[in-house]
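Remember, it's a predicted structure, so these values are computed and weren't measured experimentally. All ligand and atom numbering here is 1-based and tracks the order in the structure.
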Amino acid sequence: MPRHSEPHSPAGVHRTARAGLRLTRGQRRRLSGLLVSAGDVWACVLELNAWRRARQDAPLVSYQGLCRELAASGPGCFGELDSVGARSVLRRYSDAWFAAAARRKKGDISARFPRRRRRMMPVRWYHGIFAFDGRRLPIPVTRGCPPLWVRLDRDLPYPAAQVRSVTLLYDAGRLWADVTAEVPVAAYPPGAEPDRGRVAGVDLGIIHPYAVAGPDGQALLVSGRAVRAEHHLHLKDTKARRRAVARRAPKPGQRGSRRWRRYRRRQRVVEARHRRRVRQAQHEAARTVIGWAAERRIGTLAVGDPRGVLGIDAGRRHNRRTREWRVGHLITALRDKAQQAGITVALLDERGTSSTCPACRARVPKPRGRVFCCPRCGQSGHRDLIAAANIAGRLPGGTTPAIPADVTHRRAGNHLPGVSAARRDPRRRPHHGDARGSPGRHLPAPPTTVGRGVARPTARTS
Ligand SMILES: [Zn+2]
């Protein structure tokens, strides 16, 4: 997709934030109508090209050509959808078609041209078509329709002047607005900018999504235990739901009952919420890493990329663990935030880094727990930090890995329910010992004797 930017403008990156919408029933109906109309545009393009193929004509895929077809169809064909919104669907089709063609040209037979109809398609409007008024956003509609204003459920993280486009979409039973802004790359006061020569190694893990070993023995450990707990609770919850409704599951070829369909809808909502929570926690973890690195003027992050070995079948439990890890997203989130902070990210092979002693370079058996201990020279330390130091040492340019001593500890997913007592997680059992966020043991009923001055138990005992 061609992008235009002003010459001599400061370097910027595009970032997208998603916001929910506060809607009345009428607004929701009109917005859904817009998305359904966009789905109609998409279906029209698919059908147009199916006819052309039947006539053995070349497919019509260029954005300009599709726009000419749209203009020829005249106004009012697609409900309330305006021409800018309809053209964004054509742009999406054209981009998808050319991306598939490029992949096929390179020999990737699995790349498919767009061919599936969708009831709803996302619609995008560009800068200049709309203007924010605080949290209120006017949605462009075709001429002759009453104006449509919607309200976002949170403040935008970007100033309105930086916003470049707004995408309206439907995901997991809710309508969302994706707001894309052009954010300038961070500027630092002189003497505080990241130094390319200062390298930190990053080890990606499940218990610690990011373990970072920087120069001078400084290190950062981001704990992902809250994220792992979220995965466990979600799996347990999903299994319990599935067991509860197994009797109502339709036979193959049978239409499900209304209760069944309600369960399916609920399941999609729960699944989407779980994904959002994990995603958010990973973003926060990446942000912690970048903040830590920028404070220490680290200009290069050497990240160990473990994706080469993830395709190997390691049994159903471990396979699930690696799938839930979402290491690709961990890398993307870190790279995006680093780019915005002016920090370079280099991906390196991480094989063997957690089983090599950083002091004497001996290969040691992979430690079972978190503590690494070298049987040859007695060097010991946190396993993930040792790995991170080894990864930093692998970066071409010859940096000696410092053995981490000054460790900062941070937690990812502080917002997750059940992490603090302020937000209880209904999925946790009420009897969960003294676990934080669980309501604790049920207290005995207060004594019924009135007037004896017996204090009611108000706090947890023990
Ligand atoms: Zn050693």
May I ask you to determine how many protein N/O/S atoms are under 2.8 Å from the Zn ion (ligand 1)?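 Considering protein N, O and S only, the Zn ion (ligand 1) has 4 within range.
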Do D216 and R296 sit within salt-bridge range, that is, some charged N less than 4.0 Å from a carboxylate O?
->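 Salt bridge absent between D216 and R296.
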In R273, R277, R225, R276, the residue satisfying salt bridge (charged side-chain N to carboxylate O under 4.0 Å, His left out) with E230 is R277
Roughly how far, to the nearest 0.5 Å, is the CG atom of L220 from the CG atom of D406?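 Rounded to the nearest 0.5 Å, the CG-CG separation comes to 10.5 Å.
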ask   = Around atom CZ of R241, are there more than 12 heavy atoms of other residues, nucleotides or ligands at under 6.0 Å?
value = yes
Across all chains, not counting sequence neighbours, the side chain to side chain donor-acceptor pair (under 3.5 Å) partners of D108 are R103, S110
Should the ring pair H231 and H274 be called parallel, tilted or perpendicular, given that the plane angle runs from 0 to 90° and is split at 30 and 60? perpendicular
